[in-house]
Participant: 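Quick one: the structure is below, questions incoming.
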Amino acid sequence: MIKRLLQEVKEFKKASLAAPLFMVGEVLLEISLPFLMSYIIDQGVNQGDLGAVVRYGTIMAAAAFASLFCGVMSGRNAAYASAGVARNLRRAMFANVQDFSFQNVDHFSTAGLITRMMSDVTNVQNAYQMVLRMCVRAPLTLICALTMTFIINAELSTVFLYAALFLGLVLGLVVRFAHPIFLKVFERYDDLNAGVQENITNMRVVKAYVKEADEIEKFHGASYQIYKMFKKAENILIFNSPSMQLTMYGCILFISWLGAQRIVAGSLTTGELMSMMTYTMNILMSLMMLSMIFVMLSMSIASVKRIYEVLMEKSDIVNQKNPLTEVSDGSIHFHHVYFDYGKDAENAALRDINLEIASGQAIGILGGTGSGKSSLVQLLPRLYDVTSGELFIGGHNVKEYDLKVLRDSVAMVLQNNVLFSGTIKDNLRWGKADASEEELIRVCQMAQADEFIRQFPDGYDTYIEQGGSNVSGGQRQRLCIARALLKAPKILILDDSTSAVDTRTDFLIRKAFREDLGDMTKFIISQRIASIEDADQIIVMDDGQISGIGTHEELLINNGIYREVYETQVKGGEEHA
Amino acid sequence: MPRPAPVRVKVDEQSLQVLKRLMGYVIHSYKGTCLLVLILIVISSLATVISSLFIKSLIDDYIIPLLGQSDPSFQPLLETLGKMAALFLCGVLANYGSNKLLIEVSQGTMKRVRDDLFAHMEKLPIRYFDTNYHGDIMSVYTNDTDTLRQVISQSFPQFVSSLITIIGVFVSMCVLSLPLTIIVIVMVFVMKQAMSKITAKSSVYFHRQQKDLGKVNGYIEEMMSGTKVVKVFTHEEEVKKEFDEVNNTLFESAYQANQFANILMPILGNLGNISYVLTAIAGGVLAINGFGGLTLGALASFLQLNKSFTNPIMQVSQQFNSVIMAAAGAKRIFALMDEPLEKDEGMVTLTHIKKVDGEWGESEDQSDKWGWRHPHNDGSVTYVPLVGDIIFDHVDFGYRDDKQILFDINLYAHRGQKVAFVGATGAGKTTITNLINRFYDIQKGSITYDGIDVKLIRKEDLRRSLGIVLQDTHLFTGTIMDNIRYGNREADEAAVMAAAKLANADGFIRHLEHGYQTVIRSDGASLSQGQRQLLSIARAALANAPVLILDEATSSIDSRTEKIVQDGMDKLMAGRTVFVIAHRLSTIRNSDVIMVMDHGRILERGNHEKLMEEKKVYYQLYTGGLELD
């Protein structure tokens, strides 16, 4: 796992090394200050030597400025490296997600992927920054300060060993016991907020059933639980600061007692005693910092794991070796095709589909919701792979083609049409990046979109808001059809994509298709009989199976479902005509 | 613990007022505790200051005089150390005590904030939820209360203790040596300048980083929701390129923002070191010359105090920042708590009634039928049986006063009748359902229930007398049993199952591993759309109200389940007054009357046959010439 993440660090190797190195510099210089100070006292003040005070003072000032420089450099490099690593992680994840199949996306869920790319990466960014700086600073300060005290006076310094041991033990115990409770309480806290969310979205139900009092009571119960757990965790946490103080005061008293005797005996100087006092603070503070680092790192491990999962997820839909790079024509053959959306699916979405479609045919598909219409056509551009059986386009199994080539030959206008923020032109050119104005206008005319586009003040340069919210449903559908036509595909699929278009425009679109797109294989999925009755073949789907195939006339005679739909839609109107 | 971002904050009148109110809110229930905490913090801070001062007397009184003595006595030192130890112990205990008390103050206040917020929210009118983004309301519970907890449990106490330490240290320093104190003050001023410079810069970049984070998030969201289109058009490479651009912009601003945040501490810390060095040099010079009576011990103490002066100064400004920032959150919390509650002047209530001497009167017997208890202004009380007749009389309505949605709506529905509304999105169908149960009040005209103006009926009782099945099936976290029981809390298991059977839900529930005890999570995500609809029908069935409002689901379910759902609905509708908001025409053919709505007006009314004959809008809709939604 670490190895994969280090790949993203590589680009920022220099900064990632510079940050801790400068930090080492800062710590060493900082630690030298109290030591130098003892010289000012002992050789300067005590001897009455002004020159020594100035000399050692200058060295100290230089050390302080150098330390400032090191600190700034370390901070800058750490910021650069961690922001860079965050960027690389996001980029790597996003690139991998683009290659995901829908099964992969479903595995993480869209919201889950966004969280992983945003908050988890931010967590890792902060953690990495901390690793580069604090993880160097805290242990190094501890070691250096301890070493200095031993150099000054080994006998007195033993107290620090005991002090460090005692404080380390207390802090360790606090983390050990408080941390799990905090994790649990945050989980409960999320539950509580989920409950609030639920109430906000369900407020109409709450009010309609007059449940306000019950909900308040429920909430109070949950919030009391959290209150109790928080208190429990914090009751452990509050040992930190007093035990830190206790240790510090203990050290001061101890050093004062022994130190005074040593000074009087002549084995210690006043300056040394003073620097010992300062190192006490350094040592204890770095212990505090260590326990904090430990908690924060352990929290970011979960984020690292979640990022790693996304990076290592492999798409199930990949190219074969030496794939075919051309689709010869739009003929299609389904051979005993079975399909389901995953192991959890209640039952197969498609069962034993057999179809033979010649290139250039117009195919209508009819069936209730959930009958498998959309599943059937989504297999063509390999949005999903068949579970068993085989699917051929242009005489070859779809798996033999290069994925990009295959998808460029199959244009699909989806049930939920999505436009992206950008101008109409930008959106259309998704179909063909270098399409000329004339081409754009031609496909828009076919899709019956040209007329309304021209009515916008900005025409083809009209800006579409995110999700296409500033055009009507019918207009959106027609733009999506035009976008698909621009690809000049071998196979065109309209998945219920004229549902918001009125019947006359729907008719004009189909007429344009018939006249201009003779050699393109066309699928039209619709709930409306009128939209498909003139197709070469009509497929009636029911519960994942083909219930009937034929022309309009044939199906009226031999397919019950088709006849029933026809009667409610068409005859229902006619009998009153 | 993530550091607070070094961002410049503005202190205005308003945030001070909010803070004052917040203080009042905290102190309200913990007056004594807060005072005690304050005293304990003072004790603990003073102990720290005294520990630094002690070095002076250690050196000047107990070490220097003994130097050169042949038989030095350490007895006095031991006694002093003993006294110090007692003092330090007080400091440690005070520290522990103040922390311990603060837990109750902060967590207790947090619980009160949450409880008050939620209880208040539950009683707000629907209008509040329709006109505020749910995300914004949510963030009051999550972000704003979290910052509040930080402030109460950390920033406030640290602010106080730093302030006291600063005062104590400052006074001690002045007493020890005025000239050295001046050096320290100058250095503090330099630090202050450095800090405000860096903060100004980092503010700019932090805001930019926030904006860029939003952009990256938005881009990912847009592309994730359009994944299919990206794939169908094999646009993966272009999308990656575009993402790289926004991602790089974020990298730049994140780098800049973090850089300034990162260098703030080293700069301040090392300026503190420089201040230490300067006082050491100056102090050394002064001590050698014996100027101002600066002894060696005093210098040693001063140096130690210097260390403990710069730290709290940095902290005070940091804590101050977070307190001011939390004021913004507290403002939103109080704003929610100040929202006006849903009003209810109704006095007509539901009760059991029976006929005595040909007149309806109140009944003690729970099994008697339901009726309205209607007190009048003259003190008399009349009783009206609960039937379910609804009449709209010249009703005008708009969600806002300047934009009318419904125009002169007239209709009546008697018990057992089914009234259907059809029309395009925005025609005003759903709005009608908001009026009967008084989620919103009408501007003109009247709505009556069994002849009583709904404005006179207590909302609680009015809503109990209306069953409702909403477009989006809202379920709650809990067991299936709990969810159905939402319709009637008193119902026993048998009644719940009977309701589920009526709604055709019993079949699928029994197939679940834990049956009626199956726990559903987050809005029933583990159930299919159709199953959720069945549950909400069962819920309405259990409520057993004489009037029913059905907002048909727009989302599609498979044909087989649809048939089951429809069948369940039909059984539920039998014998009740029903209003159906139709999104599919097939389900309303058998309605007693169909209202075709457009732009807030009823265009056509009549049953299916009549409307088909008229060959106007309904006919167009039915034959597909017009699109419904």
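Every value quoted in this text rests on a predicted model; they were computed, and no experiment measured them. Both backbone and side-chain heavy atoms feed into the values below; hydrogens, waters and symmetry mates do not.
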Participant: Kindly indicate whether a cation-pi arrangement holds for A:Lys211 with B:Tyr486, taking the cut-offs as under 6.0 Å to the six-membered ring centre and within 45° of the axis.
Facilitator: yes
Participant: Just so I know, are the side chains of A:Gln245 and B:Ser44 near enough to count as touching, which here means a heavy-atom distance under 4.5 Å?
Facilitator: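 A:Gln245 vs B:Ser44: side chains touch.
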Participant: With side-chain contact (heavy atoms from CB on, under 4.5 Å) as the test, would you mind laying out the steps for B:Met224 and A:Val97 before giving the verdict?
Facilitator: CA-CA 9 Å; B:Met224 292 302 295; A:Val97 167; 3.8 Å; yes
Participant: List the residues meeting side-chain hydrogen bond (donor to acceptor under 3.5 Å, both in side chains) with B:Thr234, not counting sequence neighbours, and say none if there are none.
Facilitator: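 With sequence neighbours excluded, B:Thr234 shows a side-chain hydrogen bond (donor to acceptor under 3.5 Å, both in side chains) to A:Lys404, A:Asp408, given in chain and number order.
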Participant: Please classify the contact between B:Met138 and chain A as side chain, backbone, both or neither, with a heavy-atom cut-off of under 4.5 Å.
Facilitator: both
Participant: Mind listing the closest non-hydrogen atom pair of A:Ser223 and B:Arg114 along with its distance?
Facilitator: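 In terms of heavy atoms, the two residues are closest at CB-NE, 4.4 Å.
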Participant: What part of A:Leu237 gets closer than 4.5 Å to chain B, counting heavy atoms only: side chain, backbone, both or neither?
Facilitator: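 Neither; nothing under 4.5 Å.
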Participant: Need one label for A:Glu234: side chain, backbone, both or neither, based on atoms under 4.5 Å from any heavy atom in chain B.
Facilitator: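 Contact with chain B involves both backbone and side-chain atoms of A:Glu234.
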Participant: B:Asn258 side chain to A:Ala79 main-chain N or O, any donor-acceptor pair under 3.5 Å?
Facilitator: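 A pair under 3.5 Å: no.
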Participant: Where is the tightest heavy-atom contact between B:Ala280 and A:Met37, given as atom of each residue plus distance?
Facilitator: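 The pair with the smallest heavy-atom distance is CB-CG, 4.4 Å.
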Participant: Compare every heavy atom of B:Phe118 with every heavy atom of A:Glu215, then report the nearest pair and how far apart it is.
Facilitator: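 Distance-wise, the nearest heavy atoms are O-CE2, 3.4 Å.
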Participant: How many angstroms lie between atom CD of B:Glu460 and atom CD of A:Glu212, to the nearest 0.5 angstrom?
Facilitator: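 So the gap between those two atoms works out to 7.5 Å.
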Participant: Between B:Ile267 and chain A, which part of the residue has a heavy atom less than 4.5 Å away: side chain, backbone, both or neither?
Facilitator: both
Participant: Among B:Thr227, B:Leu77, B:Leu117, who wins on heavy-atom pairs under 4.5 Å with chain A?
Facilitator: B:Leu77
Participant: Could you go step by step and tell me if A:Asn193 and B:Thr142 meet the side-chain hydrogen bond (donor to acceptor under 3.5 Å, both in side chains) rule?
Facilitator: CA-CA 7 Å; A:Asn193 285 329; B:Thr142 51; 5.6 Å; no
Participant: Angle between ring planes, A:Phe219 versus B:Tyr141, binned at 30° and 60°: parallel, tilted or perpendicular?
Facilitator: perpendicular
Participant: Are A:Arg204 and B:Asn434 linked by a side-chain donor-acceptor pair shorter than 3.5 Å?
Facilitator: yes
Participant: Let me know if A:Leu253 has heavy atoms under 4.5 Å from chain B in its side chain, its backbone, both or neither.
Facilitator: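 Its backbone and side chain both get close to chain B.
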Participant: Identify which part of A:Met203 has an atom lying under 4.5 Å from any heavy atom of chain B, answering side chain, backbone, both or neither.
Facilitator: both
Participant: Please classify the contact of B:Ile468 with chain A as side chain, backbone, both or neither, using a heavy-atom distance under 4.5 Å.
Facilitator: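 When you check distances to chain A, atoms from both the backbone and side chain of B:Ile468 fall under 4.5 Å.
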Participant: Most heavy-atom pairs under 4.5 angstrom with chain B, which of A:Asp214, A:Ile263, A:Thr278, A:Thr270?
Facilitator: A:Asp214
Participant: Starting at CG of A:Leu68, measure out to CD1 of B:Ile263 and round the result to the nearest 0.5 Å.
Facilitator: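 If I round to the nearest 0.5 Å, the distance is 9.0 Å.
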Participant: At a heavy-atom separation under 4.5 Å, does B:Tyr128 approach chain A through its side chain, its backbone, both, or neither?
Facilitator: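 B:Tyr128 has no heavy atom closer than 4.5 Å to chain A.
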Participant: Which atoms of B:Ala540 are under 4.5 Å from chain A, going by heavy atoms: the side chain, the backbone, both sets, or neither?
Facilitator: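 The answer is both parts of B:Ala540.
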Participant: Quick check on the interface: out of A:Lys231, A:Gln47, A:Met281, who has the most heavy-atom pairs with chain B under 4.5 Å?
Facilitator: A:Lys231
Participant: If you round to the nearest 0.5 Å, how far is CD1 of B:Ile137 from CD1 of A:Ile200?
Facilitator: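 If we round to the nearest 0.5 Å, A:Ile200:CD1 and B:Ile137:CD1 are 5.0 Å apart.
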Participant: I would like to know whether B:Val230 and A:Gln98 meet side-chain contact (heavy atoms from CB on, under 4.5 Å); could you show each step before the answer?
Facilitator: CA-CA 9 Å; B:Val230 174; A:Gln98 285 307 310; 3.5 Å; yes
Participant: Given the options A:Leu406, A:Asp99, A:Asp506, which has more heavy-atom pairs under 4.5 Å with chain B than any of the others?
Facilitator: A:Asp99
Participant: Should the ring pair B:Phe88 and A:Tyr249 be called parallel, tilted or perpendicular, given that the plane angle runs from 0 to 90° and is split at 30 and 60?
Facilitator: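 Judged by the thresholds at 30° and 60°, the geometry between B:Phe88 and A:Tyr249 is parallel.
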Participant: The criterion is ring-ring contact (aromatic ring centres under 6.0 Å, His included); which residues satisfy it with A:Tyr80, sequence neighbours excluded?
Facilitator: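 ring-ring contact (aromatic ring centres under 6.0 Å, His included) check on A:Tyr80 returns A:Phe12, B:Phe251, B:Tyr255.
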Participant: Are the side chain of A:Asn202 and the backbone N or O of B:Leu475 linked by a donor-acceptor pair below 3.5 Å?
Facilitator: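 At least one qualifying donor-acceptor pair exists.
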Participant: Which atom names give the shortest non-hydrogen contact between B:Lys231 and A:Ser101, and what distance separates them?
Facilitator: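 Smallest heavy-atom distance, with atoms named: CE-CA, 4.5 Å.
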Participant: Start with the C-alpha distance between A:Leu273 and B:Ile63, add both sets of side-chain angles, then the distance that settles side-chain contact (heavy atoms from CB on, under 4.5 Å), and finish with yes or no.
Facilitator: CA-CA 11 Å; A:Leu273 176 77; B:Ile63 295 179; 4.1 Å; yes
Participant: Is it the side chain or the backbone of A:Ile41 that comes within 4.5 Å of chain B heavy atoms, both, or neither?
Facilitator: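 Looking at A:Ile41, just its side chain touches chain B.
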Participant: Just checking, is any N or O donor in the side chain of A:Tyr189 or B:Asp146 under 3.5 Å from an acceptor N or O on the other one?
Facilitator: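 A pair is found: one side chain offers a donor N or O, the other an acceptor, under 3.5 Å apart.
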Participant: Below 4.5 Å, heavy-atom pairs only: which of A:Phe94, A:Tyr56, A:Phe69 has the largest tally toward chain B?
Facilitator: A:Phe94
Participant: Pick whichever of B:Gln256, B:Glu221, B:Glu238, B:Glu237 has the most heavy-atom pairs under 4.5 Å with chain A.
Facilitator: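 Of the candidates given, the most pairs with chain A belong to B:Glu221.
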Participant: Sort out for me which of A:Arg91, A:Met274, A:His220, A:Gln125 touches chain B most, counting heavy-atom pairs under 4.5 Å.
Facilitator: A:His220
Participant: Counting heavy-atom pairs closer than 4.5 Å to chain A, which one of B:Glu252, B:Arg539, B:Lys123 comes out on top?
Facilitator: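 With the most close heavy-atom pairs to chain A, the winner is B:Arg539.
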Participant: Under 4.5 Å from any heavy atom of chain B, what part of A:Leu29 do you find: side chain, backbone, both or neither?
Facilitator: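 Neither part.
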Participant: Quick check for you: among B:Ile126, B:Leu466, B:Asn437, B:Val216, which has the greatest number of heavy-atom pairs under 4.5 Å with chain A?
Facilitator: B:Ile126
Participant: Report the distance from atom OG of B:Ser98 to atom CD1 of A:Ile238, rounding to the nearest 0.5 Å.
Facilitator: 8.5 Å
Participant: Taking B:Leu78, B:Leu66, B:Val285, B:Ile59 one by one, which has the highest count of heavy-atom pairs under 4.5 Å against chain A?
Facilitator: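 Highest number of pairs under 4.5 Å: B:Leu78.
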Participant: For the candidates B:Glu236, B:Met223, B:Arg463, B:His235, which exhibits the highest count of non-hydrogen atom pairs separated by less than 4.5 Å from chain A?
Facilitator: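 With the most close heavy-atom pairs to chain A, the winner is B:His235.
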Participant: What pair of heavy atoms forms the shortest contact from B:Leu58 to A:Ala260, and how long is it?
Facilitator: CD1-CB, 4.4 Å
Participant: From A:Tyr227 OH over to B:Gln107 CD, what is the distance, rounded to the nearest 0.5 angstrom?
Facilitator: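 Rounded to the nearest 0.5 Å, the OH-CD separation comes to 8.5 Å.
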Participant: Which residue out of A:Gly84, A:Ala86, A:Ala213 racks up the most heavy-atom pairs below 4.5 Å with chain B?
Facilitator: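 The option with the most such pairs is A:Gly84.
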Participant: Roughly how far apart are A:Thr122 OG1 and B:Leu213 CG, rounded to 0.5 Å?
Facilitator: 5.5 Å
Participant: Go through the steps to decide whether A:Arg483 and B:Val229 satisfy the test side-chain contact (heavy atoms from CB on, under 4.5 Å), and finish with yes or no.
Facilitator: CA-CA 11 Å; A:Arg483 180 173 64 181; B:Val229 179; 3.5 Å; yes
Participant: Which atoms of B:Leu303 come close to chain A, meaning under 4.5 Å heavy atom to heavy atom: side chain ones, backbone ones, both, or neither?
Facilitator: side chain
Participant: Identify which part of B:Asp461 has an atom lying under 4.5 Å from any heavy atom of chain A, answering side chain, backbone, both or neither.
Facilitator: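 Neither part, no heavy atoms under 4.5 Å.
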Participant: Testing the basics here: between A:Gly57 and B:Val277, what is the closest heavy-atom pair and its distance to 0.1 Å?
Facilitator: O-CG1, 3.7 Å
Participant: Quick one: does NZ or CZ of A:Lys207 land under 6.0 Å from the six-membered ring centre of B:Phe439, within 45 degrees of the ring axis?
Facilitator: no
